[in-house]
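Below: the structure, in structure tokens.
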Amino acid sequence: TLELQLTPSLVLLRSTLERLQEKDSDCIFISPVNLSEVPDYLEFVSEPMDFSTMREKLEAHKYCSVADLEADFNLMVSNCLRYNSSDTVFHKAAMQLKEVGGAILRHAQSQALSAG
Ligand SMILES: CCOC(=O)c1ccc2c(c1)NC(=O)[C@@H](C)N2
């Protein structure tokens with residue numbers, strides 16, 4: 001049916017999120033930035049995002065496409081690039097994750113199309 005074709009399977013979205021999270025080897029994106037440990041974070045970041053929040057949204061059927069998942073991934077990476085200066089491990093990790101994550105998401109997009 002059209003509905004089945006339009007929304008990529010939860011299985012594809014789940015496996016894509018897991019592949020993205022595997023690239024966060026230092027686990028800096030695994031949970032929301034702790035606002036008591038980083039008190040000025042919301043002065044720079046209006047919409048925090050992290051992998052655990054993405055997982056909750058996925059299981060709540062809030063992602064209708066790979067593009068929806070990609071939008072939150074890009075939000076998470078851009079938040080990190082904005083808050084952390086370029087000479088920090090966080091900034092460098094975000095640049096690396098952006099590159100490898102982009103390739104994972106492009107592959108997921110083609111999987112969604114071929115499954116559709
Ligand atoms: C124990 C204190 O943890 C942090 O200060 C901290 C921990 C994790 C972080 C982070 C800060 N900043 C970030 O931009 C995102 C990517 N991750």
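Counting convention: from 1, in listed order, for ligands and their atoms alike. Note that the coordinates shown come from a computational prediction; the quantities given were computed from them, not determined experimentally.
For the side chain to side chain donor-acceptor pair (under 3.5 Å) test, no residue two or more places apart in sequence or in another chain qualifies with S78.
Atoms SG and CG, on C80 and L75 in that order, are 11.5 Å from each other to the nearest 0.5 Å.
Among the candidates K62, K57, R55, the single residue satisfying the salt bridge (charged side-chain N to carboxylate O under 4.0 Å, His left out) test with E59 is R55.
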Show the short N or O contacts, below 3.5 Å, that ligand 1 makes with protein N or O atoms; if there are none, say 'none'.
{"unit_1": "ligand 1", "atom_1": "14 (O)", "unit_2": "N84", "atom_2": "ND2", "d": "2.8"}
{"unit_1": "ligand 1", "atom_1": "17 (N)", "unit_2": "I28", "atom_2": "O", "d": "2.9"}

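Proximity of a side-chain donor or acceptor of N79 to a complementary backbone N or O of E47 within less than 3.5 Å is detected.
Around the CD atom of E99, the shell of radius 6.0 Å holds no more than 12 heavy atoms that belong to other residues, nucleotides or ligands.
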>> V33 vs Y83, test: side chain to side chain contact (heavy atoms under 4.5 Å, CB included). Steps then yes/no.
In response: CA-CA 11 Å; V33 172; Y83 182 79; over 6 Å; no
